[in-house]
Amino acid sequence: MNLQEKKAQVEKLKAAFQNAQVGILTQLNGIDVATVTELRKQLREAKTHFKVVKNSLAKRAAKGTSMEAVAEDFAGPVGLAYGDDPVSPAKVLTKFIKDLPPEREGWITIKAGMLTGQRLDAKAVVALSSLASLPELRARLVGLLAAPAQTLVRLIATPGQQLARVIDAHAKASDETQAKSA
């Protein structure tokens, strides 16, 4: 890679780092291409990017961005998952690592993470994966906002239903009385 390509790569990484809300560094140990491809596919579905980075270029690109919090962790074979949703990348990575077959255990491990400029250790990233994702939180919020309206409709409809039941019971009682007298 010549100097111009390196500069272009640093600028491209810097732009990606400036827009990222979350970044998770993974240690890659003997991982094969098929496994990385499957991981990329799963992360892409979660609208997250995954890149195997050259450490010296990533450190340069991290300067002045929120990713600077984990710049010292760019050492050894590193893969970086980054995106906007703070929970989805952590969920996908922890599930992917957990689902690896025993013979592939240790091929990929979570090294560190960054959430809105704050450094997270591996345990914090795993804890982050147990939180609800942004779409799940939105769905819960919509449910909470809709619940009072549903309750109000139910309360408004209840007196009418009760009145209808009383009238129906009265009508049945009068029908029975008429049937007995006839």
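Throughout, residue positions are numbered sequentially from 1 according to the sequence presented. As the structure is a computational prediction, the values presented were derived from the model and not from experiment.
- Each of I31 and L80 belongs to its own hydrophobic cluster when Ile, Leu, Val, Met, Phe, Trp and Tyr are linked at side-chain heavy-atom distances under 4.5 angstrom.
- Note: the hydrophobic cluster containing L25 does not contain V52 (ILVMFWY, side chain heavy atoms under 4.5 Å, direct or indirect links).
- Separation of atoms OG1 (T94) and CG (L128) is listed at 9.0 Å; rounding is to 0.5 Å.
- F50 CZ to I24 CD1: the interatomic distance, rounded to the nearest 0.5 Å, is 10.5 Å.
- Contacts classified as salt bridge (charged side-chain N to carboxylate O under 4.0 Å, His left out) and involving residues 67-92 (residues at least two apart or in different chains) are given here: E72-R119, D73-R119.
- Within the structure, side chain to side chain donor-acceptor pair (under 3.5 Å) contacts touching residues 6-19 (residues at least two apart or in different chains) do not occur.
- For the atom pair CG of L28 and NZ of K111, the computed distance is 9.5 Å after rounding to the nearest 0.5 Å.
- Between F17 and Y82, the ring planes are perpendicular. Angles over 60° get that label, and only those under 30° would be called parallel.
- In this structure, the side chain to side chain donor-acceptor pair (under 3.5 Å) partners of E38, at least two apart in sequence or on a different chain, are Q42.
- Among all heavy-atom pairs drawn from N29 and G106, the shortest one is ND2-O, 3.3 Å.
- Taking hydrophobic clusters as Ile, Leu, Val, Met, Phe, Trp and Tyr residues chained together by side-chain heavy-atom distances below 4.5 Å, M67 does not share a cluster with L115.
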Checklist line | Criterion side chain to side chain contact (heavy atoms under 4.5 Å, CB included) on V10 and K63, from CA distance to verdict | finding: CA-CA 10 Å; V10 168; K63 287 182 184 167; over 6 Å; no
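- Annotation for E105: atom CD does not count as buried by contact number, only 12 or fewer foreign heavy atoms lying within 6.0 Å.
- Checked against side chain to side chain donor-acceptor pair (under 3.5 Å), D32 has the following partners two or more places apart in sequence or in another chain: T35.
- Atom-to-atom distance recorded for M114:CE and L120:CG is 8.5 Å, nearest 0.5 angstrom.
- Shortest non-hydrogen contact noted between S130 and A127 is OG-O, 2.6 Å.
- A single hydrophobic cluster is seen to contain both V125 and F96, as judged by linkage of ILVMFWY side chains at heavy-atom distances under 4.5 Å, directly or through other members.
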Would you give me the side-chain donor-acceptor pairs under 3.5 Å for residues 53-62, sequence neighbours excluded?
residue, atom, partner, partner atom, Å
N55, ND2, G76, O, 2.8

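- Between V92 and the choices I97, T48, L43, the side chain to side chain contact (heavy atoms under 4.5 Å, CB included) rule is met once, by L43.
- For the atom pair CD1 (I167) and NE2 (H170), the distance works out to 9.0 Å, reported to the nearest 0.5 Å.
- For the atom pair CD1 (I110) and OG1 (T26), the distance works out to 8.0 Å, reported to the nearest 0.5 Å.
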Next item on the list: Check the pair L93, L39 against side chain to side chain contact (heavy atoms under 4.5 Å, CB included), reporting the backbone distance first and the verdict last.
Entry: CA-CA 8 Å; L93 278 168; L39 176 60; 3.8 Å; yes
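- Contact between P89 and V22 at its shortest, heavy atoms only, is CG-CG1, 3.7 Å.
- For residues 41-52, no residue pair satisfies the salt bridge (charged side-chain N to carboxylate O under 4.0 Å, His left out) rule, not counting sequence neighbours.
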